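Sequence lines set the chain letters: A, B, ... in the order given, protein chains first and strands last, and positions in each chain run from 1. Since this is a predicted model, take the numbers as computed values, not measurements. Heavy atoms only: backbone and side chains are in, while hydrogens, waters and symmetry mates are out.
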Amino acid sequence: MEKGFIENGFIINLSTSRNTNQLIYELSNILEHPDVKGKRVCLKLGSIDLKQSQLLSIKALIEATDAEIAFIETTSEQTEVSATSLGISISQVDNGIDVPVQDEKEELETDIIPATDHIGDEEEDDDNLESQRTKEDVADINSEETEYKIIFAEEIKEINPINTLDGIEDTYTESSQEEISQIIPAENADADFETFAINEGLIKKEEAGKYILLDTGDVLPTDIAENTKDTKDLPTLYLNQTLRSGQTVTYEGNILIIGDAHPGSEIIAEGDITVWGILGGIAHSGCKGNSSAKVRALKLNAIQLRIAGLYARRNDTLNVPYVQKSNNFTPEEAQIENGKIVIYKKLRRD
Amino acid sequence: MTGRVIVITSGKGGVGKTTTSANIGTALAKEGYKVVLIDTDLGLRNLDLLLGLENRIVYTIVDVIEDRCKLKQALVKDKKNPNLSLLAAAQTRDKTAVNADQLKDICEELKKKNDFVLIDCPAGIEQGFQNAVSGASEAIVVTTPEMSAIRDADRIIGLLEAKEEIENYRLLLNRVRPNLIKSNEMMSVDDVVEILSCPLIGIIPEDTGIITSTNKGEPIVNDETALAGQAYRNVAKRVLGEEVPFLDLDEPKGFVAKIKDIFAKLKVKV
């Protein structure tokens with residue numbers, strides 16, 4: 001990283017970023033550098049539009065590294081408004097920048113801090129989503145004070161891949177958990193979530209579109225009795241790995257996988273199955289006849305979904321063997337309703 | 001009814017056994033015969049993908065052998081052609097889950113109700129191969145015009161000759177590139193037949209359409225315009241005993257090639 005000075009500080013050029021995701025990603029990479037600690041930072045934001053909440057996140061990110069924002073440079077009106085309301089001083093690019101420079105030679109180097117290349121870093125995204133979401137949520141509380149916004153953060157797609165920085169988690173995790181528990185009592189959190197979401201049109205029931213029901217009662221032998229035990233009481237197997245073709249996970253309880261389940265893999269659980277990633281293989285929840293078991297994934301692309309004695313197969317028209325990784329996945333959940341497997345999906349409002 | 005059991009094998013991997021199985025099977029089914037395809041490549045199954053049937057598989061050959069379901073339940077019907085069905089391999093098990101006798105029994109049972117049972121053999125000459133060959137009475141040896149594939153095919157033919165059950169075996173030469181043969185960079189069909197001294201059942205030209213058809217899950221014989229599809233249809237006819245002349249693989253020159261030729265001539269003149 002090239003290094004220069006503005007009154008004990010840096011200029012970070014982010015004006016090449018095309019979207020907020022990329023911007024925050026690049027910024028977080030630059031902030032990892034030990035030299036940034038305790039310095040004042042000038043942000044060149046270019047023409048990118050930042051909402052107040054987003055700018056607040058950026059500010060928090062910088063402050064987490066013990067640095068502080070000296071001023072920002074932007075050509076966007078939206079960003080300008082956001083900055084003013086947060087009390088961040090602005091220097092507009094068009095008006096010429098007033099940057100005190102110690103040494104002329106160094107100024108040339110100062111101007112551009114090269115954005116690092118992040119191809120191949122996608123693997124880490126999943127791990128960091130959670131902490132990042134928490135951060136976004138809190139940002140929303142502060143800015144809009146609408147209670148439900150916490151759960152339905154308006155633009156989930158804004159969740160950014162960020163290398164977790166020390167301090168950020170400490171600052172936000174606790175408070176956000178408090179906030180959420182205030183709004184929804186833990187016992188009936190699910191029910192409230194659903195009613196609210198359906199009323200708000202956030203959830204759409206997909207019945208015929210994505211999966212079609214092929215057959216019933218074919219997966220299990222008929223002598224196994226169907227039940228609807230609460231899966232909450234079952235033990236949970238936690239796996240932090242990618243499940244590859246030919247690998248099978250079987251467990252007498254719930255299974256939680258942090259990572260993708262590739263096509264050709266099998267997950268068989270007596271309780272629920274949750275995949276924090278793309279589910280591409282076969283998933284069988286409630287394999288001992290528990291029809292209240294569910295299958296959840298960030299992206300349900302399973303070749304076959306089995307719940308208790310039912311199974312649904314992927315529609316032939318959706319023959320996409322590989323799903324492109326993305327930060328914009330909307331979590332999906334499959335369950336049995338009226339003798340059919342249906343998939344719930346939260347709709348994004350954009 | 002007693003059907004014919006044909007094993008499709010090669011020794012070397014990646015020469016096109018599975019593609020050949022899917023295409024000959026589909027072509028025979030299109031002719032109106034009842035066909036069952038058996039994938040014996042346990043743990044590395046692909047035949048279901050080529051036929052686009054992956055999402056329909058509930059039971060596999062291992063479930064049949066371990067008595068978790070009936071043979072009839074495990075047969076997956078093709079999307080388009082009801083004459084064609086697939087007995088899939090288990091993806092989560094390995095070759096030791098099946099033995100030769102069990103596979104032979106399955107073949108015997110399938111023979112009774114079908115005209116053709118095609119067995120897609122795994123690469124190698126270990127147990128997987130021995131299993132696949134056990135129930136068969138005929139064999140198609142797939143090879144490409146490369147020395148390594150030919151060497152492996154030779155080894156396989158030797159093993160097949162040693163088996164009493166195999167009544168006849170024929171050679172299918174895959175991925176032939178006529179323009180390379182012309183420029184003496186690839187062994188010619190005659191060379192390969194001479195080296196292996198084995199009767200030929202078909203020559204399949206290299207065709208980029210195979211890649212798309214594999215990805216789509218649609219055998220190339222369904223594509224009436226593809227040259228490889230035509231070649232596979234001819235192979236199916238030869239399997240049925242018809243005499244079909246081998247395809248003329250000299251591709252007609254494309255538009256670009258013609259233009260290039262004209263320019264080449266002009267340059268010479270200038």
With side chains defined as the heavy atoms from C-beta onward, is the minimum distance between A:Thr248 and B:Gln91 less than 4.5 Å?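 In short, these two side chains do not touch, never coming nearer than 4.5 Å.
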Is the count of non-hydrogen atoms from other residues, nucleotides or ligands lying under 6.0 Å from [X] atom [atom1] greater than 12?
| X | atom1 | value |
| --- | --- | --- |
| B:Lys104 | NZ | no |
| B:Arg4 | CZ | yes |
| B:Arg233 | CZ | yes |

Exercise: identify the closest heavy-atom pair between B:Glu54 and A:Gln304: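 So the minimum-distance heavy-atom pair works out to O-NE2, 4.4 Å.
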Assess, by modelled atom type and distance only, whether the side chains of A:Gln247 and B:Thr92 contain a donor and an acceptor separated by less than 3.5 Å.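 B:Thr92 and A:Gln247 do not have a side-chain donor-acceptor pair below 3.5 Å.
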Could you measure the distance from the CD1 atom of A:Ile282 to the CD1 atom of B:Ile57? Nearest 0.5 Å is fine. 8.0 Å
Check side chain to side chain contact (heavy atoms under 4.5 Å, CB included) between B:Arg93 and all other residues, then give those that pass, not counting sequence neighbours.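 Only B:Val62, B:Glu66, B:Arg68, B:Ala90, B:Ala97 meet the side chain to side chain contact (heavy atoms under 4.5 Å, CB included) criterion with B:Arg93.
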